[in-house]
Colleague: 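Sharing a structure, written as structure tokens. Questions coming.
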Amino acid sequence: MEDEKKKKEAAEAEAVAAFVRKEVGDWDDEVMSRARFKALSGQRPDWEPLYHFWRDLIVKVARHLRIFIIRPSNVNRLWFRRAGLSPLCLDRVLVEMHRAGDLLLPHRDHPNQSRLRAVLGFFWGTGKDDSAPLAGDKYILAPLLEERALEIVNILSENYWTSSCVITMKKLEDICEGSDEAITIVDHLSAQGRAKLLTINKPDDPIQGVKVCLAPGAVSTASSVDYNVLHLIWTTEKLEQQLDLIDQRYQKSRNSALGCLKDGNKRVALKYAAEMKMASQSRERCTALLERVENVLQVITDAESSKKVSDAIQSSTHALKENQVSVEEVEACLQEVAVNIDSLKQLDIALQSTTAYAEIEDDDVEDEFNKLQLDITSEEEGQVPTKTGFDSSSSSSSTKRVAAEVSETADALSDALSNLHLQSAAAAAAAEECIKKPSPVPVGTNKSISKERILEAA
């Protein structure tokens with residue numbers, strides 16, 4: 001861990017040195033360097049040009065590194081070292097930047113408050129020693145914070161056509177390239193009224209997200225629909241993570257089986273082939289559930305893209321009363337989705353148990369084993385082995401029962417959320433026409449066909 005930190009600091013120092021030499025043409029000039037590296041002394045008019053030089057250079061370096069949170073210790077030790085020496089004025093420069101509102105403490109200062117404090121301090125004095133160091137080792141560059149916040153909003157605008165969007169904090173952290181950066185961006189946008197933090201309390205793992213206004217103006221009040229969408233997006237991300245784990249386990253079992261076949265250990269190779277079959281079945285169930293959730297999200301997205309957010313809220317409230325669907329029923333369906341995710345985790349754990357192999361039929365294992373033998377033969381003949389995808393052959397009766405349960409849960413989720421009446425006016429008219437006109441289709445299928453027409457109209 002310590003070695004990795006040193007390597008990262010060394011890489012950062014090299015990047016800064018290369019940029020500074022390119023940005024400052026006379027950086028290696030001895031006379032100019034001696035004047036720039038001296039401490040700030042005397043009256044403010046005497047050292048103010050030197051202060052502006054270092055302040056602007058610090059902002060340029062941070063922008064080049066694509067960061068807006070800096071550590072004063074790194075600025076002093078790494079950024080501007082020359083011949084083993086660091087500028088003597090950097091501590092004072094950082095203090096002056098903090099007083100001017102260019103450096104902010106995380107979760108404490110607001111840019112407007114810091115600038116007001118700087119103006120008052122200029123007229124009445126701050127009463128603090130000019131040489132006093134900064135209180136912490138993590139500060140925010142206010143000019144770059146505003147730039148980064150606008151960049152994040154633009155990135156989100158490219159992926160959403162609506163006036164606002166709901167995303168999870170994990171997704172925002174991936175976009176901002178760090179948790180501290182994501183929290184700072186949310187605080188900044190919230191102070192401007194353009195974002196609201198959403199939290200769904202769960203006993204073991206609370207779900208956190210943010211609603212961001214992508215259009216000029218303040219973000220609207222978070223509704224129950226926003227929380228339901230957040231829960232669906234969180235479920236989608238969890239299922240995608242589960243699929244990645246299943247893929248990794250499948251590839252690991254396949255590589256182990258190929259190695260055993262090369263060594264002539266057929267018994268162990270059969271064991272890994274059984275694991276591959278279980279992984280393929282788990283992936284099929286997880287993929288089916290993921291598609292159901294994504295379809296529901298797509299229906300909601302299509303409805304919101306055709307009207308304003310306020311109209312969507314009024315429409316959903318009317319739909320809940322008209323279709324006699326309560327929010328509690330929607331939450332119950334979401335709870336069932338969470339239960340199915342837990343069952344998928346248990347299936348993944350069962351891959352390590354030899355007793356679970358009894359659920360796999362011998363024919364399925366033999367098919368996987370034969371494919372592995374074909375790969376070995378292809379490699380020995382000098383041919384490029386074909387990539388063996390996931391087998392979609394028939395599964396055992398227990399697997400069919402689990403798949404049926406997942407499908408029923410997904411259908412219930414789709415029905416409940418589809419009835420939120422986020423469809424357009426054309427969808428509602430199509431629904432009334434289907435009810436008024438009898439259809440020659442058997443009675444048992446009228447309900448499903450009418451729902452399909454409503455979704456098509458949406």
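All figures in this text were calculated on a predicted structure; none of them were measured in a lab. Residue indices begin at 1 and follow the sequence shown.
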Colleague: Starting from the C-alpha separation in whole Å, work towards a yes-or-no answer on side-chain contact (heavy atoms from CB on, under 4.5 Å) for V212 and V219.
Modeller: CA-CA 7 Å; V212 182; V219 66; over 6 Å; no
Colleague: Would you compute the distance between atom CH2 of W79 and atom CD1 of I58 and round it to the nearest 0.5 angstrom?
Modeller: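 Going from the CH2 atom of W79 to the CD1 atom of I58 covers 7.0 Å.
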Colleague: Closest heavy-atom contact between Y227 and I200?
Modeller: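 Closest pair (atom of Y227, atom of I200, distance): O-CD1, 3.4 Å.
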Colleague: Kindly determine whether K211 and S220 satisfy side-chain hydrogen bond (donor to acceptor under 3.5 Å, both in side chains), including the steps that lead there.
Modeller: CA-CA 9 Å; K211 182 178 182 180; S220 59; 2.8 Å; yes
Colleague: Looking only at non-hydrogen atoms, find the nearest pair between I175 and R148 and report the distance.
Modeller: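 Reported closest heavy-atom pair: O-NH2, 3.2 Å.
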Colleague: Could you walk me through whether Q248 and D244 pass side-chain hydrogen bond (donor to acceptor under 3.5 Å, both in side chains), step by step?
Modeller: CA-CA 6 Å; Q248 293 174 9; D244 292 338; over 6 Å; no
Colleague: Would you kindly say whether E291 and N295 are connected by a side-chain donor-acceptor distance under 3.5 Å?
Modeller: no
Colleague: Does the salt bridge (Lys or Arg N to Asp or Glu O under 4.0 Å) test come out yes or no for R63 and E147, once each step is laid out?
Modeller: CA-CA 10 Å; R63 184 182 288 112; E147 293 179 8; 3.0 Å; yes
Colleague: Less than 4.5 Å apart, any side-chain heavy atom of H64 and any of K22?
Modeller: no
Colleague: Can you check side-chain contact (heavy atoms from CB on, under 4.5 Å) on Q242 and L290, steps first, answer last?
Modeller: CA-CA 10 Å; Q242 188 70 15; L290 177 61; over 6 Å; no
Colleague: Where do L198 and A222 come nearest, in terms of heavy atoms and distance?
Modeller: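 Shortest heavy-atom contact: CD2-CB, 3.4 Å.
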Colleague: Say you draw a straight line from OG of S179 to CG of D174; how long is it, rounded to the nearest 0.5 Å?
Modeller: 11.0 Å
Colleague: To the nearest 0.5 Å, how far apart are OG in S282 and CG in L245?
Modeller: 11.5 Å
Colleague: Drop me the distance from K238's NZ to T236's OG1, to the nearest 0.5 angstrom.
Modeller: 12.5 Å
Colleague: So do S190 and L197 actually touch side chain to side chain, heavy atoms under 4.5 Å?
Modeller: no
Colleague: For residues K171 and I233, determine if any side-chain heavy atom of one lies less than 4.5 Å from a side-chain heavy atom of the other.
Modeller: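 Side-chain contact under 4.5 Å: no.
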Colleague: Taking R194 for its side chain and L189 for its backbone only, find out whether a donor-acceptor pair lies under 3.5 Å.
Modeller: no
Colleague: Are L57 and W54 side-chain neighbours, meaning at least one heavy-atom pair lies under 4.5 Å?
Modeller: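 The answer is yes; the side chains approach within 4.5 Å.
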Colleague: If I take atom CD from residue E9 and atom OG from residue S73, how far apart are they, to the nearest 0.5 angstrom?
Modeller: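 Nearest 0.5 Å value for the CD-OG distance: 8.0 Å.
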Colleague: Are the side chains of V61 and E23 in contact, using a 4.5 Å heavy-atom criterion?
Modeller: no
Colleague: Rounded at 0.5 Å granularity, tell me how far CD in E181 sits from OG1 in T184.
Modeller: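 These two atoms lie 6.5 Å from each other.
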Colleague: I want to check something: taking the side chain as every heavy atom from C-beta on, are L145 and I185 in contact at a cut-off of under 4.5 Å?
Modeller: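 Of all side-chain heavy-atom pairs linking I185 with L145, at least one is under 4.5 Å.
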Colleague: Considering non-hydrogen atoms only, spot the tightest contact between Y139 and P106 and give its length.
Modeller: CA-CD, 4.5 Å
Colleague: Report yes if the side chains of E146 and Q192 come closer than 4.5 Å at any heavy-atom pair, otherwise no.
Modeller: yes
Colleague: So which heavy atom on I67 is nearest to which on L144, and how close?
Modeller: O-CD1, 3.4 Å
Colleague: Please test C165 against L214 for side-chain contact (heavy atoms from CB on, under 4.5 Å), starting from the C-alpha separation and ending with a verdict.
Modeller: CA-CA 7 Å; C165 68; L214 305 179; 4.1 Å; yes
Colleague: Check R66 with E151, please: is the shortest side-chain N to carboxylate O separation under 4.0 Å?
Modeller: yes
Colleague: Mark yes or no for whether S86, through its side chain, and N76, through its backbone, hold a donor-acceptor pair below 3.5 Å.
Modeller: yes
Colleague: Can you tell which of E173, E237, H231 makes a side chain to side chain donor-acceptor pair (under 3.5 Å) with T168?
Modeller: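 Exactly one candidate clears the test, E237.
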Colleague: Main chain of D28, side chain of R82: is a donor-acceptor contact present, judged purely on distance under 3.5 Å?
Modeller: yes
Colleague: Can you see which heavy atom on N159 is nearest to which on I155, and at what distance?
Modeller: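 Between these two residues, the closest heavy atoms are ND2-O, 3.4 Å.
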Colleague: Heavy atoms, side chains only, cut-off 4.5 Å: are L103 and I140 in contact?
Modeller: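 L103 does not reach I140 side chain to side chain.
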Colleague: For the pair D226 and K196, find out whether any cationic side-chain nitrogen is under 4.0 Å from an anionic carboxylate oxygen.
Modeller: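 Result for this pair is no, no salt bridge flagged.
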Colleague: Under a 3.5 Å distance rule, please check whether S253 uses its side chain to pair with a backbone N or O of Y250 as donor and acceptor.
Modeller: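 No.
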